[in-house]
Amino acid sequence: MCGIIGYTGNRELINILTDGLKRLEYRGYDSAGLAVVNNQQLQVFKTKGKVKALEERLHDHLQLLSTASVGIAHTRWATHGEPNEANAHPHLDNAGHFAVVHNGIIDNFAELRNRLLDQGCRFASETDSEVLAHLVAQYYDGNLLEAVASALKQVKGTFGIAVIARDLPQTIVTARRGSPIVIGVGAGETLIASDVTALAAHTDRVIYLNDDDIALVTPETIDIRSLENVPVSREIAALDWDISAAEKNGYDHFMLKEIFEQPQAVSNTIRGRLDFRTATAALSGLNLTPRELAMINRIVIAACGTSMHAGMVGEYYFEDIVGISTEVEQAAEFRYRNPIIEPHTLVLAISQSGETADTLAAVREGLNKGAVVAAICNVVGATIPRESNRGIYLHAGPEIGVASTKAFTCQVTALLLTALLFGRNRRLSQTAGLELIEEIQQIPTLIQQVLDHADKIEIIAKKYADAKDCFFIGRGNLYPAALEGALKLKEISYIHAEGYHAAELKHGPIALLDKGVPVIALANDVPGKEKILSNIQECLARKSPVIATATNNDTSVSHLVHDVITIPSCSAFVAPIPTVVALQLFSYYVAKERGCEIDQPRNLAKSVTVE
Ligand code: M6R
């Protein structure tokens, strides 16, 4: 959580910093701040709220700040200390010599803070991060890189940090452990940021720092070392990033744009990965020989949130298509539960951002225990795919809306491709492989057919926008779709929404049903439909209004329920994809009707880089 950007060079830097912060706002947006070195002084501006508020604060000072040559900035997602101006970053030492921005959590901050208090430091905030500024000041004897390294050696926890000093008008020291830092290499200028979205407007050459790397950057130089002060070499990667992909392009919200991008995004996930000759999927990034594939005897999927729901759909694929025992782990549980991992276990980490702390920890645990570890990820070069060493990129393009949409449909598509590959390596016949390929090829069209009826979904959504509670129920691989529908609705509309297996409803939750509690039943024409029709009757008997997803013109559903969202006819394997697209639209229009901040819901951040 939290976004960091820094700039050193000869251009006016305030706009560079605030524009960068806006692109990082999806990482947190409860306060923002920046510090620059100007005439051998640190100048610091902070506000509660979004970057826009910071811009307003800066407005009258732009002339004064135009001569600054180095600066760092931060947008915050609060962990320690409420979102207010005092807790906003940057934080300074008591002499006002150093400014620090930090993304991560310092686990031993209480111990460090008490020690610093005993030594006479005064604290201006309740944050864990502030200890870093005081520690840097204690260790500084003219070498900023060494002082920051010494400070960081005291720290347990995670950090992506940037530090400037008032007597160093062109220098930033940056370092990472657990929280990402990318360096942007420009002509006569250098930038640092939490991710490439903040850099892409300025450079197409980037360096990803590894954990425990520390770097001193100036406009012309980049010196990267280990925390032990040993020089390390990190290659410059080309950034293939279309900056317009991170704009709204006429849509009211990123979320809506990303929903409508799904036919293209899924096509990008599929492109070049279908091998018709052998009726399989070509997933070279997995880097597994047919023999190695055949040896895998168990799959553990580790992920969080929407990515976990995609993984739950994948579990059906691997067990049904491949016949391989598969389980889905909430990634946070994985390493604490002491999971049984054998050499032929595949740990499949799924993450849109590739930076989710719990999923990253699961990757590391899997590697430590000798598993084959692969990642399904969207953000190229993120930590999870880099550490996994093998995997599948989604190529969905940047997902900016905090509510994950196109990542889900692309993840499920990637999982189906993976199941096709594994299946053909085992029990799936050539004919069955070709049938699956045909189904995969239809996914973009199926999504488009749902999008073409967005106006009808909007009308239904508006009818239910006043609900206080809501249930989503499904069976089979539409059960994870129900969980995903509930997650979407609650996170952007703040309606209390629960996803349940339809059979589980009568084991307790049915007690909550009445005429004020709508139920969204996923009643597509797939195996299990008859049973969900009975579950719908149970809800109707408790007076709940029922909205159902149903396959084209399925009167067995439409005659029963209050409203129907039509899903095009498709196989049971791909059904969760168009169904979830419909639920994304439903949630979006409910939230819009309620006037919610759709792209940046309260209390959330796009990338959860803390445990
Ligand atoms: O980047 P990741 O896919 O690892 O993120 C996992 C979750 O934090 C994420 O899916 C979250 O649940 C979304 N806000 C859901 O819309």
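Both ligands and their constituent atoms are indexed starting at 1 by order of listing. Computed from a predicted model, the values in this text were never measured in an experiment.
- Gly401 approaches Asp599 most closely through the heavy-atom pair CA-OD1, 3.9 Å.
- For ligand 1, the atoms closer than 4.0 angstrom to any heavy atom of Thr306 are 10 (O), 12 (O), 15 (C), 16 (O).
- Using a 4.0 Å cut-off between a side-chain N of Lys or Arg and a carboxylate O of Asp or Glu, Arg27 and Glu355 do not qualify as a salt bridge.
- In this structure, the side chain of Asn287 does not engage the main chain of Arg390 through any donor-acceptor pair within 3.5 Å.
- Ranking protein heavy atoms by distance to atom 1 (O) of ligand 1, first place goes to Ser353 OG, 2.6 Å.
- By the 3.5 Å distance cut-off applied to N or O atoms, Val608 is not counted among the residues near ligand 1.
- Residues Ser404 and Gln411 have side chains not in contact (no heavy-atom distance under 4.5 Å, counting atoms from C-beta outward).
- The contact set between ligand 1 and Ala403, taken as ligand atoms under 4.0 Å from a residue heavy atom, comprises 16 (O).
- Close contacts of ligand 1 with Ser307, meaning ligand atoms under 4.0 Å from a residue heavy atom, involve 2 (P), 3 (O), 10 (O).
- For atom 12 (O) of ligand 1, the nearest protein heavy atom (residue, atom name, distance) is Gly305 CA, 3.3 Å.
- Inter-residue side-chain proximity for Leu421 and Leu417 is flagged as unmet; no heavy-atom pair is nearer than 4.5 Å.
- Assignment of Lys488 to the shell around ligand 1 is supported, since a heavy atom sits closer than 4.0 Å.
- Considering backbone and side-chain atoms alike, Ser351 places an N or O below 3.5 Å from some N or O of ligand 1.
- A heavy-atom distance below 4.5 Å is not found between the side chains of Ile577 and Leu446.
- Below 4.0 Å from some heavy atom of Gln352 lie the following atoms of ligand 1, by number and element: 1 (O), 2 (P), 3 (O), 4 (O).
- Looking at heavy atoms from C-beta onward, Asp455 lies out of side-chain contact with Tyr589 at the 4.5 angstrom threshold.
- Of the protein's heavy atoms, Cys304 O, 3.7 Å lies nearest to atom 7 (C) of ligand 1.
- Listed by number with element, the atoms of ligand 1 under 4.0 angstrom from any heavy atom of Val402 are 13 (C), 14 (N), 16 (O).
- The shortest contact between atom 4 (O) of ligand 1 and any protein heavy atom is with Thr356 OG1, 2.4 Å.
- Below 4.0 Å from some heavy atom of Glu491 lie the following atoms of ligand 1, by number and element: 13 (C), 14 (N), 15 (C), 16 (O).
- Relative ring orientation between Tyr588 and His253 is described as perpendicular, the plane-to-plane angle rising above 60° on a 0-90° scale split at 30° and 60°.
- If you look at His501 and Tyr479, their ring centroids are closer than 6.0 Å.
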